[in-house]
Student: 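I am attaching a structure below and will ask some questions about it afterwards.
Order of the sequence lines fixes the chain letters, A, B, ..., with proteins taken first and strands second; residue numbering starts at 1 for each chain.
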Amino acid sequence: MVAQNESVKCSVDAILAAWIHIRRGCYHQTGMSQQKIRVRFAPSPTGLLHVGNARTALYNWLFARRTGGDFLLRIEDTDVERSDARFESQLYDDLRWLGLDWEEGPHSGQPNDGPCGPYRQSERLEIYRAHTEQLLHEGKAYRCFCTAEQLEAERTAAIAAQQPQVYSGRCRALSDAESARRATAGESFAVRLRIPDAPLRFDDIVRGPVEFAAEAVSDPILVRSGGMPVYNYVVTVDDALMGITHVIRGDDHLSNTPKQVAIYHAFGWPLPRFAHLSTILGPDRTRLSKRHGATSLASFREMGILPEALANYLALLGWGAEGGTRETFTLPELTQAFTLERVTPSPAVFDPQKLHWLNRHYIKQAAPERIATLARPAFVQTGWLPAQTDNAAIEAWFAQVVALFAPSVDQLDQLPQKARFLFALDAQTAAAEPENAAVLATEIAQSVLKDFAARIAALPAPVTPEAFKDVMNAVKAATGAKGKDLFHPVRIALTGAHSGPEFDKVIPLVETGSRLPLPTPVASVQTRAAQSLLQRPSA
RNA sequence: GGCGCUAUCGUCUAGGGGUUAGGACGUGAGAUUCUCAAUCUUAAAACACGGGUUCGAUUCCCGUUAGCGCUACCA
């Protein structure tokens with residue numbers, strides 16, 4: 001209220017001063033001659049970055065990189081209640097993790113974070129106020145003294161009459177003198193934009209020409225009676241002042257766009273190009289949300305989804321490469337292939353299975369040491385690996401463990417479960433498992449195990465794959481067992497399951513692991529074989 | 001209710017006035033393996049519906065239906 005009254009008394013000088021401030025900071029962008037493409041990602045720090053917004057950020061970034069333009073970050077924190085600095089810094093981490101960087105914005109590394117700063121809306125309030133003064137001064141906007149009750153009544157009447165909800169325009173007709181008198185008298189007011197009676201049009205890059213009737217927009221509120229500017233207003237002012245040439249955002253903003261177009265018109269600013277991206281849906285075809293499970297970048301990272309897999313998947317979700325037969329793209333490849341014209345307008349269902357397929361693809365492509373580093377913390381947490389990484393032998397061994405299991409995993413967080421038998425094989429529990437029990441109950445299985453254990457025990461300490469193979473052949477000859485009858489009991493004895501990776505790979509890992517100073521000792525092949533004899537179902 | 005957006009296999013998509021409507025994920029079958037995974041081969045699987053325009057429409061236009069969004073002094 002107080003601030004508002006002060007601003008009303010604000011002189012033209014003050015407006016000019018604000019303009020000079022703005023122009024000094026951003027002259028080269030607001031000039032008409034500039035050609036350089038500038039896009040922005042403008043999230044609210046009210047929660048974790050989710051895949052929908054991440055895709056929007058990615059498409060903006062891709063477009064900027066493809067065209068040699070600038071990618072800017074702007075924090076929309078005018079909702080003080082819901083905004084949290086914690087989410088803001090998390091946001092930077094998430095974007096960097098995905099592989100995105102930005103020329104301007106908080107933490108851009110530039111002095112002042114860039115020439116068009118500040119990049120937090122909460123720090124730009126003075127700029128908005130100067131622009132509101134200009135609009136009021138030029139008669140492009142007017143004070144609205146209507147109360148919430150009056151507006152509510154109009155709205156319910158409109159709904160009852162099955163008419164569009166439009167503002168009656170009561171305060172539109174107020175004379176300047178009357179308006180000024182009531183404002184000076186201390187009556188509270190909002191500021192509304194005066195919309196000309198003409199259709200509002202724009203050409204959307206993904207949807208084509210779009211037109212809204214002026215009455216559908218009504219005279220939108222620019223500034224609340226508390227003096228706080230509304231979202232559609234500040235977004236437009238910021239986009240214009242920051243020289244944004246292409247507004248790429250979610251299509252939930254499509255219906256907001258005519259309001260913003262009207263604001264551009266009021267200021268006489270050139271319209272940017274708009275590109276409205278389709279919604280990402282859950283399997284039930286409703287907007288993807290927490291209800292559908294993990295949707296934040298942070299959760300995907302924790303699950304062990306590789307950033308390049310997520311970026312690739314998100315790129316494919318709502319965009320089709322020319323030709324339509326290629327599925328895997330690295331970020332650099334995407335910046336070559338991406339065009340806004342090929343963005344699809346229809347909503348897309350998020351498919352975790354395809355994400356997993358891409359993740360497996362990139363896990364196999366990745367350097368084994370990188371995967372080991374990513375997977376390591378989970379193994380420390382289970383107590384299977386030491387927290388320190390100073391033992392080179394352990395690290396080399398662990399890299400082999402990861403290399404063996406990683407190709408068969410959708411997400412890296414499934415690795416500990418896959419490798420569990422190395423560290424924690426409980427012979428009793430394994431034998432009790434129904435499928436295993438059925439195998440072990442047979443006579444042939446018992447004789448195989450008995451013979452196997454005896455032969456393994458007689459071997460010199462580190463059992464080599466070759467020695468193991470010899471033992472298996474000997475057991476085969478002695479017991480007459482072959483194929484599954486031979487391998488399944490042995491596999492259960494050694495790994496606790498009748499399926500798993502090849503013995504050639506498992507044996508060396510077990511033997512090497514058993515000689516390493518690990519927090520949880522790895523049982524050797526011989527120990528495992530000996531224990532298997534204790535599993536006999538009926539003694 | 002009003003306004004707007006959208007509509008090709010289950011899913012993501014390519015295509016486009018005349019095509020055997022292509023690819024990928026997933027699914028089924030086979031090969032391989034002691035087994036699982038991986039891999040390879042292979043199969044099934046789509047133009048929402050109704051009207052136009054046209055020699056011809058899945059493609060262009062209109063409508064219907066369905067889904068979604070906006071309809072706030074939220075962002």
Student: Please report the distance separating the P of B:A14 from the corresponding atom of B:A48, rounded so that it comes out in whole Å.
Tutor: 15 Å
Student: Distance check, C1' atoms only: B:A75 and B:C61, in whole angstrom units.
Tutor: 38 Å
Student: Write down the distance separating the C1' atoms in B:C9 and B:G28, rounded off to the nearest Å.
Tutor: 15 Å
Student: In whole Å, measure the gap between the P atoms of B:G17 and B:U59 for me.
Tutor: 11 Å
Student: Quick one, which residues of residues 341-358 of chain A touch RNA chain B with a heavy atom under 4.0 Å?
Tutor: A:Arg342, A:Thr344, A:Pro345, A:Ser346, A:Pro347, A:Ala348, A:Val349, A:Asp351, A:Gln353, A:Lys354, A:Trp357
Student: When you measure from every atom of RNA chain B, which of residues 210-222 of chain A have a heavy atom less than 4.0 Å away?
Tutor: A:Phe212, A:Ile221
Student: Do the rings of A:Tyr167 and A:Tyr142 sit parallel, tilted or perpendicular, given the 30° and 60° boundaries?
Tutor: parallel
Student: Show me the pairs that pass ring pair (Phe, Tyr, Trp, His ring centres under 6.0 Å) and involve residues 206-239 of chain A, at least two apart or across chains.
Tutor: A:Tyr231-A:His253
Student: Please classify the nucleic acid contact of A:Ser408 as base, sugar-phosphate, or nothing, using heavy-atom distances under 4.0 Å.
Tutor: sugar-phosphate
Student: Write down the partner of B:A44 under the Watson-Crick or G-U wobble criteria, each distance required to be under 3.5 Å.
Tutor: none
Student: Between A:Glu308 and A:Arg370, is the closest basic N to carboxylate O distance under 4.0 Å?
Tutor: yes
Student: Could you check whether A:Glu327 gets within reach of a base, just the sugar-phosphate, or nothing at all, counting any heavy atom under 4.0 Å?
Tutor: base
Student: Kindly state each residue pair satisfying salt bridge (Lys or Arg N to Asp or Glu O under 4.0 Å) with at least one member in residues 356-365 of chain A, sequence neighbours excluded.
Tutor: A:Arg360-A:Asp410
Student: Does A:His253 or A:Ser278 map to a spot on RNA chain B nearer the 5' end, using the closest nucleotide for each?
Tutor: A:Ser278
Student: Check whether NZ of the Lys or CZ of the Arg A:Arg491 lies under 6.0 Å from the centre of the six-membered ring of A:Phe503 and within 45 degrees of that ring's axis.
Tutor: yes
Student: Could you tell me whether A:Gly318 contacts a base, only the sugar-phosphate backbone, or nothing, with contacts defined as non-hydrogen atoms closer than 4.0 Å?
Tutor: sugar-phosphate
Student: When we call it a touch if two heavy atoms are under 4.0 Å apart, what does A:Lys364 touch: a base, just sugar-phosphate, or nothing?
Tutor: sugar-phosphate
Student: Heavy atoms only, 4.0 Å cut-off, all strands: where does A:Gly323 land among base, sugar-phosphate and nothing?
Tutor: sugar-phosphate
Student: Specify whether A:His488 and A:His498 have parallel, tilted or perpendicular ring planes, treating 30° as the upper limit for parallel and 60° as the lower limit for perpendicular.
Tutor: tilted
Student: If you walk 5' to 3' along RNA chain B, what is the first nucleotide with an atom under 4.0 Å of a heavy atom in chain A, and what is the last?
Tutor: B:G1 to B:A75
Student: Would you mind checking if A:Glu88 and A:Arg120 are paired as a salt bridge, meaning a charged N to carboxylate O distance below 4.0 Å?
Tutor: yes
Student: Taking the six-membered ring of A:Phe338 (Phe, Tyr or Trp), confirm whether the NZ or CZ of A:Arg66 is under 6.0 Å from its centre and within 45° of its axis.
Tutor: no
Student: Classify the nucleic acid contact of A:Arg326 as base, sugar-phosphate or nothing, counting any heavy atom under 4.0 Å across all strands shown.
Tutor: nothing
Student: Work out how far the C1' atom of B:U11 is from that of B:U27, and round it to whole angstrom.
Tutor: 12 Å
Student: Pick the P atom in B:U19 and in B:U58, then give their distance to the nearest Å.
Tutor: 11 Å
Student: Expressed as a whole number of Å, how far does the P atom of B:U20 sit from that of B:C40?
Tutor: 29 Å
Student: Determine the interatomic distance between C1' on B:G22 and the same-named atom on B:A46; round to the nearest Å.
Tutor: 12 Å
Student: Kindly write out the residues that satisfy salt bridge (charged side-chain N to carboxylate O under 4.0 Å, His left out) with A:Arg201, not counting sequence neighbours, or none if the list is empty.
Tutor: A:Glu211
Student: Categorize A:Leu316 for me: base, sugar-phosphate, or nothing, with a 4.0 angstrom heavy-atom threshold over every strand shown.
Tutor: sugar-phosphate
Student: I need the A:Leu415 CG to A:Ser408 OG distance, nearest 0.5 Å.
Tutor: 7.5 Å
Student: Would A:Lys469 and A:Asp504 pass as an ion pair if we require N to O under 4.0 Å?
Tutor: yes
Student: Would you call A:Asp77 and A:Arg82 a salt bridge, using N to O less than 4.0 angstrom?
Tutor: no
